S.K.: 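Dropping the structure in here first, questions after.
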There are 2 protein chains.
Amino acid sequence: MAAHKTKVTIFDVAKASGVSSSAVSYALNGKPGVSDATRAKVLKVARELGWKPNGAAQALAQSKTRRIGLVLGYDPQLLAVEPYMMSLISGLGAELEKQDYSLLVRLSMDGDEEEGIIQDWIATGNVDALLLLNLEIGDPRIDLMKHNPQMPTLALADASLTAGLPTLTSDDAGAVGIAVQYLYDLGHRRIARVAGPEELGHSYIRDAAFSQITTELGMRYRCLHTDYTPEAGADATKRLLSVSSAPTAIIYDNDVMALAGESQAAVLGVKVPDELSIMSWDDSFMCEAAHPGITALHRDIVGSGRMAAQLMLKLINGEEVGVEEESPYALKERESTAPAPKG
Amino acid sequence: MAAHKTKVTIFDVAKASGVSSSAVSYALNGKPGVSDATRAKVLKVARELGWKPNGAAQALAQSKTRRIGLVLGYDPQLLAVEPYMMSLISGLGAELEKQDYSLLVRLSMDGDEEEGIIQDWIATGNVDALLLLNLEIGDPRIDLMKHNPQMPTLALADASLTAGLPTLTSDDAGAVGIAVQYLYDLGHRRIARVAGPEELGHSYIRDAAFSQITTELGMRYRCLHTDYTPEAGADATKRLLSVSSAPTAIIYDNDVMALAGESQAAVLGVKVPDELSIMSWDDSFMCEAAHPGITALHRDIVGSGRMAAQLMLKLINGEEVGVEEESPYALKERESTAPAPKG
DNA sequence: TTGTAGGCGTTATCAA
DNA sequence: TTGATAACGCCTACAA
């Protein structure tokens, strides 16, 4: 309650309750080796004094920080543009909170600085585990972690990219199937995709799946790679719609681009969904708030965050983790998709 | 380069370079008390061995964690819905990165749990400073920090709410003036506002300013408080437009609600901007991507994050910080606002 | 059941 | 300029 000028240590608690520091330690960590009476007393005194173990001392003594590392790529524009990261953090944080773990966040200011941050964490022991995001093909981080198996690491990526590292994977190829089949069933035969950066692992996975499935179904398919920004989404849309025999449906890799694309269509006088169907890969409030509402591949990102946290805690605990799968995508139908126009 | 099975400590470096551990410590921290020759040698050896100071040990020895605490309110919906928090984190992280500080993030699962987290940080010493966000009127956190002046704390809120704590404030009242005057000049005389939760400090500040300025200008003004979600934004819009002599302009407290409101207007057959002007308080890609683009009060959130980080580093450094001001709002005109309709 | 003592890896003090 | 040595605060054998 009152402000404690000087930090209260385990010795203060020991003195105040008339026992030794070790008795206090035992009592507070719920370990055997101390009588119920003293334990109760110690707990009471500790509470009264407002004692909590000093984090650094505790970390030093048991080589455990109760922290999990997360590196965000620095691009405020991109980071803020997508609800994805914040949702993931919510899920991670919520689950970690239960076990009194926190999230240690750093920004990598340019591409490969992230490797340096990870090496720093390995050497300084500032985190107990870490999460790898946005893997690229042949990502150097995979190699780095392979060489440092003592650092529990979970990759959030398609299992084909993680070289056997503990992985939380999603069925992106399956989702491609759902989306394409849905459009096919609506009669669309010429579809396009406005994708994210080509070098990103999940772009690659989706690229491959789209090519394969559209070929199997005998559809025309075109793909433009962008940097995920709304400007790029609008621009790609314009280009796709400017040719003769333009696509009758466009799938966007994220919802910001889908929103920008929908606006662009309006500007061009192309009616959604009558003349053009629009779909978004991730689903969020934007798809809901847009007009017309945007049909999307929905997934539970917060849930993925929770799962990722649980898996990392398992790893820290020494348990084996192989490849786990996220909860699957589900198609959320809204007003932006309709049967393909005749002709 | 290679994987180091065992952690390398300062003693390993000392042994390998043939000096004592204290010499190593001096050399690596750039302190005097060691010859240039040995310093160079030690640095070389340390690099070769891949040595970095153990974080916990360092923190324990110098009572400095190089971490800054941030508590996020757990509501994945709300958190993800607004680009604000992620932008702020980008700014904070970018600036902290320069000084080798990191961000320690925890989620408060229900309202006043945040106090507990802060108390934990105070007692465990797990952060060197912390940032208070989303203050409410009479927020208990202010009191808490007043009683624990040893913990450097910066409040990101209107200075009138922070009881003299170091504060990074924004000129929300001024922004209200800009927005209202802008609409007034366009001929609007009946305006409405779709605001955030009433108990939030900045809602309160804006409420007061809106009331005052609209009264001064002799405008009709109505305000609905919501929970910031797109659903609430749409709903409020519907209610505002359903009465006779509906407002000719609506200002939303965030851009998600503005987007949802714009969609709702379309659904109701109300033309934006011909029959209804729409403005958003914060500006983001959503205002840009929307159709028509939404006029907004723009501010540099990433810049605020950077400033906040700098101020906290100052506080940690023992420097005085009073009340600093964010870079001001600027009106960003887009297509969603126009002269008020006749009648 | 309890207390003593050593270790975790740094930093910092103080003789040498 | 150096090298022991004592904090820092906690955990945990080990001894009493």
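Residue numbering restarts at 1 for every chain, and letters A, B, ... go by the order of the sequence lines. On a predicted model such as this, the values are computed, not experimentally measured, just so you know.
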S.K.: Please pick, from dG9(C), dC10(D), dA13(D), the nucleotide with the shortest atom-to-atom distance to any side-chain atom of Gln58(A).
M.R.: dC10(D)

S.K.: Just checking Ser63(B): base, sugar-phosphate only, or nothing, at a heavy-atom cut-off of under 4.0 Å?
M.R.: nothing

S.K.: Can you work out whether Ala57(B) or Gly18(B) has the more 5'-proximal nearest nucleotide on DNA chain D?
M.R.: Gly18(B)

S.K.: Can you tell if the side chain of Leu311(B) reaches within under 4.5 Å of the side chain of Leu168(B), non-hydrogen atoms only?
M.R.: yes

S.K.: When the distance from CZ of Arg66(B) to P of dT10(C) is rounded to whole Å, what number comes out?
M.R.: 15 Å

S.K.: Go nucleotide by nucleotide along DNA chain D from the 5' end; which of Ala23(B) and Thr9(A) gets its closest nucleotide reached first?
M.R.: Ala23(B)

S.K.: Report which part of the nucleic acid Ser35(A) touches: base, sugar-phosphate, or nothing (heavy-atom distance under 4.0 Å, all strands).
M.R.: sugar-phosphate

S.K.: Could you check how far CZ of Phe11(B) sits from P of dG7(C), rounded to whole Å?
M.R.: 11 Å

S.K.: Do Ser22(A) and dT4(C) share a donor-acceptor pair, side chain to base, under 3.5 Å?
M.R.: yes

S.K.: Quick one: which of dA5(C), dT2(C), dA12(C) gets closest to the side chain of Ser21(A)?
M.R.: dA5(C)

S.K.: How close do Glu95(B) and Ala309(B) get, heavy atom to heavy atom, and via which atoms?
M.R.: CB-CB, 3.5 Å

S.K.: Answer yes or no: does atom NZ of Lys15(A) have more than 12 heavy-atom neighbours from other residues, nucleotides or ligands under 6.0 Å?
M.R.: no

S.K.: Closest approach to the side chain of Ser20(A), judged atom by atom: which nucleotide of dT4(C), dT2(D), dT10(C) is it?
M.R.: dT4(C)

S.K.: Trp51(B) CH2 to dT11(C) C1': how many Å, rounded?
M.R.: 10 Å

S.K.: Looking only at side chains, do Thr169(A) and Thr167(A) share a donor and an acceptor under 3.5 Å apart?
M.R.: no

S.K.: Rounding to an integer number of Å, can you tell me how far Ile10(B) CD1 sits from dT2(D) P?
M.R.: 15 Å

S.K.: dT10(C) P sits how many Å from Asn54(B) CG, rounded?
M.R.: 6 Å

S.K.: Figure out the CG/P separation between Leu60(A) and dG7(C), and round it to whole Å.
M.R.: 14 Å

S.K.: Donor-acceptor pair, distance only, cut-off 3.5 Å: does the side chain of Asn54(A) make one with the backbone of Ala57(A)?
M.R.: yes

S.K.: I need the NZ-C1' distance between Lys15(A) and dG9(D), as an integer number of Å.
M.R.: 14 Å

S.K.: What's Lys52(B) touching, base or sugar-phosphate or nothing? Going by heavy atoms closer than 4.0 Å.
M.R.: sugar-phosphate

S.K.: Grab the CG-C1' distance between Leu28(B) and dA12(C) for me, whole Å please.
M.R.: 15 Å

